[in-house]
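Remarks on the structure that follows.
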Amino acid sequence: MEDYSITINGKKVSVQAEADMPLLWVLRDLLSMKGTKFGCGQALCGACTVHLDGQAVRSCSLPISQVGDGQITTIEGLSEKGDHPLQDAWVKHVVPQCGYCQGGQIMNAAALLAVNPSPSDSEIETAMEGNLCRCGTYNRIKEAILTASKSL
């Protein structure tokens with residue numbers, strides 16, 4: 001076990017973990033932050049997506065030892081009141097059905113809009129390819145991203 005001091009959602013936290021423990025399990029098991037979900041454990045589905053220094057990363061495959069001084073943002077830290085334009089658009093377009101993948105979907109979309117505030121349909125489709133939705137709400141996800149892009 002090693003001691004790690006990491007910044008999550010703007011706050012420094014200390015945790016004790018094995019160097020190879022994925023960030024996902026640090027968030028969920030050690031810090032009780034349940035918004036980031038376990039999907040496949042192989043960085044293939046996107047349910048565990050968080051931001052590391054503004055970049056979308058799969059927390060299931062990122063060992064805590066590789067976080068370093070990076071700034072981690074989870075779905076809980078996207079906005080203080082849950083009113084980020086993407087979150088509002090998700091509600092407006094009734095995107096979630098089961099809701100399991102939505103935290104990862106929103107975090108991936110937020111990373112996209114941070115670098116491309118006015119993406120085309122094809123740019124959204126390409127950027128969101130790695131986030132799977134078992135319920136198949138892809139068209140609503142795309143519409144929500146387009147709506148949010150107009151609010152930013």
Side-chain angles (χ1 to χ4, degrees), residues 2-15 17-90 95-96 99-133 137-138 140-152:
E2 297 182 42
D3 291 323
Y4 293 95
S5 180
I6 56 177
T7 304
I8 301 175
N9 301 329
K11 297 178 181 167
K12 274 274 199 212
V13 296
S14 296
V15 294
E18 297 294 334
D20 62 348
M21 182 180 231
L23 177 61
L24 171 66
W25 300 120
V26 171
L27 294 170
R28 291 185 60 80
D29 292 349
L30 302 182
L31 300 173
S32 296
M33 298 177 74
K34 305 297 185 187
T36 305
K37 305 294 188 211
F38 172 79
C40 66
Q42 299 175 346
L44 301 172
C45 73
C48 67
T49 303
V50 298
H51 293 174
L52 178 60
D53 293 331
Q55 301 261 174
V57 297
R58 305 299 195 246
S59 63
C60 73
S61 63
L62 178 66
I64 186 68
S65 59
Q66 291 184 9
V67 171
D69 293 331
Q71 304 284 319
I72 300 161
T73 305
T74 67
I75 189 68
E76 294 94 341
L78 192 60
S79 74
E80 282 185 33
K81 297 178 183 176
D83 59 356
H84 184 280
L86 279 165
Q87 292 166 314
D88 290 343
W90 243 246
V95 174
Y100 196 81
C101 70
Q102 298 310 303
Q105 297 277 1
I106 290 171
M107 293 306 289
N108 200 59
L112 164 65
L113 294 178
V115 296
N116 184 355
S118 298
S120 66
D121 285 4
S122 64
E123 289 169 327
I124 292 170
E125 291 166 8
T126 299
M128 299 301 291
E129 274 179 352
N131 284 77
L132 303 180
C133 174
T137 64
Y138 298 111
R140 286 187 267 172
I141 289 168
K142 183 169 49 174
E143 289 303 316
I145 295 169
L146 289 169
T147 295
S149 73
K150 295 172 186 153
S151 300
L152 295 173

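Just so you know, these numbers come straight off a predicted model, no measurement behind them.
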Could you check if a side-chain atom of [X] sits within less than 4.5 angstrom of a side-chain atom of [Y], using non-hydrogen atoms only?
{"X": "M107", "Y": "T73", "result": "yes"}
{"X": "R58", "Y": "N108", "result": "yes"}
{"X": "I106", "Y": "W90", "result": "yes"}
{"X": "T137", "Y": "C133", "result": "yes"}
{"X": "Y4", "Y": "S14", "result": "no"}
{"X": "N9", "Y": "I72", "result": "no"}

Going by atom types alone, do [X] and [Y] pair a side-chain donor with an acceptor below 3.5 Å?
{"X": "S65", "Y": "D20", "answer": "no"}
{"X": "Q42", "Y": "S61", "answer": "no"}
{"X": "E123", "Y": "N116", "answer": "yes"}
{"X": "T36", "Y": "R28", "answer": "no"}

Closest heavy-atom contact between [X] and [Y]?
{"X": "C48", "Y": "C60", "result": "SG-N, 3.3 Å"}
{"X": "V67", "Y": "I6", "result": "CG1-CG2, 4.0 Å"}
{"X": "L31", "Y": "I8", "result": "CD1-CD1, 3.3 Å"}
{"X": "A56", "Y": "T49", "result": "CB-CG2, 3.8 Å"}

May I ask you to decide if [Y]'s main-chain N or O and [X]'s side chain share a donor-acceptor pair within less than 3.5 Å?
{"X": "H51", "Y": "D53", "value": "no"}
{"X": "N131", "Y": "G46", "value": "yes"}
{"X": "E76", "Y": "G35", "value": "yes"}

From [X] atom [atom1] to [Y] atom [atom2], the distance as rounded to the nearest 0.5 Å:
{"X": "L27", "Y": "T74", "atom1": "CG", "atom2": "OG1", "value": "6.5 Å"}
{"X": "Q102", "Y": "K37", "atom1": "CD", "atom2": "NZ", "value": "11.0 Å"}
{"X": "T7", "Y": "K12", "atom1": "OG1", "atom2": "NZ", "value": "3.5 Å"}

